[in-house]
Student: 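The following block contains the structure, expressed as structure tokens.
Nothing here was measured: the structure is a model prediction, and the numbers come from that model.
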Amino acid sequence: MPKASASAAASAKPGAAKPVPKPSATPGCDHKMPISPDEIMVQRYTPEGGFLSLIVKHGNWGCGAPDTDGAPFETVGVETFIPLNQAASITVTDPIVQSTENQPIGVQEFLDWLDAHPNSGLVFRYSLGEDGAIDRLDQVFTP
């Protein structure tokens, strides 16, 4: 049977200092979640290229601190462009409309709001139609 080395024996001494793990900001929060497949942070839009596209950032929900209203949506990577169907179904909450419940608005009304509030960082759940353009966009209410 092989003998333990002197350094291994020294580190196994009773009373030897052991590294103390750092406490998590939010106990039980797994911050290694994958990128959300159906949620985006909408930044702006562009009509370049002959069609309407939202300029977005992908991400996932981080770990909220115990004294906050909820977890933040943390973006990763660079901005990307996703085409938006001109007849998309869009629902929004505060601050676009004065409601905590999703309310329907038209595409042009949404674009007007984005013009007035670029890079607002609002999070939306979306789905794509058969043409690869967003056909449904629902704002995720965050207090």
Student: Could you work out, with side-chain contact (heavy atoms from CB on, under 4.5 Å) as the rule, every residue matching Gln108, not counting sequence neighbours?
Tutor: Leu111, Asp112
Student: Which heavy atom of Cys63 sits nearest to which heavy atom of Ala71, and what is that distance?
Tutor: C-CB, 4.3 Å
Student: Less than 3.5 Å apart, which donor and acceptor atoms pair up between the side chains of residues 120-133 and the rest of the protein, not counting sequence neighbours?
Tutor:
from, atom 1, to, atom 2, distance (Å)
Arg125, NH2, Glu39, OE2, 2.7
Ser127, OG, Asp135, OD1, 3.0
Asp131, OD1, Ala133, N, 3.0

Student: From Phe73 CZ over to Ser36 OG, what is the distance, rounded to the nearest 0.5 angstrom?
Tutor: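 These two atoms lie 5.5 Å from each other.
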Student: Is it true that a side-chain atom of Glu74 and a backbone atom of Trp61 form a donor plus acceptor pair closer than 3.5 Å?
Tutor: no
Student: Could you give all pairs that pass the ring pair (Phe, Tyr, Trp, His ring centres under 6.0 Å) test and reach residues 83-104, with sequence neighbours left out?
Tutor: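 Pairs touching residues 83-104 that pass the test: none.
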Student: Filter on salt bridge (Lys or Arg N to Asp or Glu O under 4.0 Å), then keep only pairs touching residues 82-97, sequence neighbours left out; what's left?
Tutor: none
Student: Between side-chain atoms of residues 46-59 and protein atoms elsewhere (two or more places apart, or another chain), which donor-acceptor pairs fall under 3.5 Å?
Tutor:
from, atom 1, to, atom 2, distance (Å)
Thr46, OG1, Glu48, N, 3.2
Lys57, NZ, Gly77, O, 3.1
His58, NE2, Thr80, OG1, 3.3

Student: Show the numbers, then the answer: is there a side-chain contact (heavy atoms from CB on, under 4.5 Å) between Leu84 and Val107?
Tutor: CA-CA 9 Å; Leu84 177 65; Val107 170; 4.1 Å; yes
Student: To the nearest 0.5 Å, tell me how far Trp113 CH2 sits from Ile90 CD1.
Tutor: 12.5 Å
Student: CD1/Ile134 to OG/Ser89 distance, rounded to the nearest 0.5 angstrom?
Tutor: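 The CD1 atom of Ile134 sits 12.0 Å away from the OG atom of Ser89.
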Student: Does the side chain of Ile105 come within less than 4.5 Å of Thr91's, by heavy atoms?
Tutor: no
Student: Once side chain to side chain donor-acceptor pair (under 3.5 Å) is applied, do any residues pair with Glu79, and if so which ones, sequence neighbours excluded?
Tutor: Arg44
Student: Taking Gln103 for the side chain and Glu101 for the main chain, is one N or O donor matched with an acceptor at less than 3.5 Å?
Tutor: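 Confirmed, Gln103 side chain pairs with Glu101 backbone.
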Student: With sequence neighbours left out, which residue pairs that include part of residues 81-108 fulfil the ring pair (Phe, Tyr, Trp, His ring centres under 6.0 Å) condition?
Tutor: none
Student: State which residues pass salt bridge (charged side-chain N to carboxylate O under 4.0 Å, His left out) with Glu109; sequence neighbours excluded, sorted by chain then number.
Tutor: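 By the salt bridge (charged side-chain N to carboxylate O under 4.0 Å, His left out) rule, Glu109 matches no residue at all.
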Student: Verify side-chain contact (heavy atoms from CB on, under 4.5 Å) between Phe110 and Leu137, making sure each step is shown before the conclusion.
Tutor: CA-CA 10 Å; Phe110 179 61; Leu137 191 65; 3.7 Å; yes
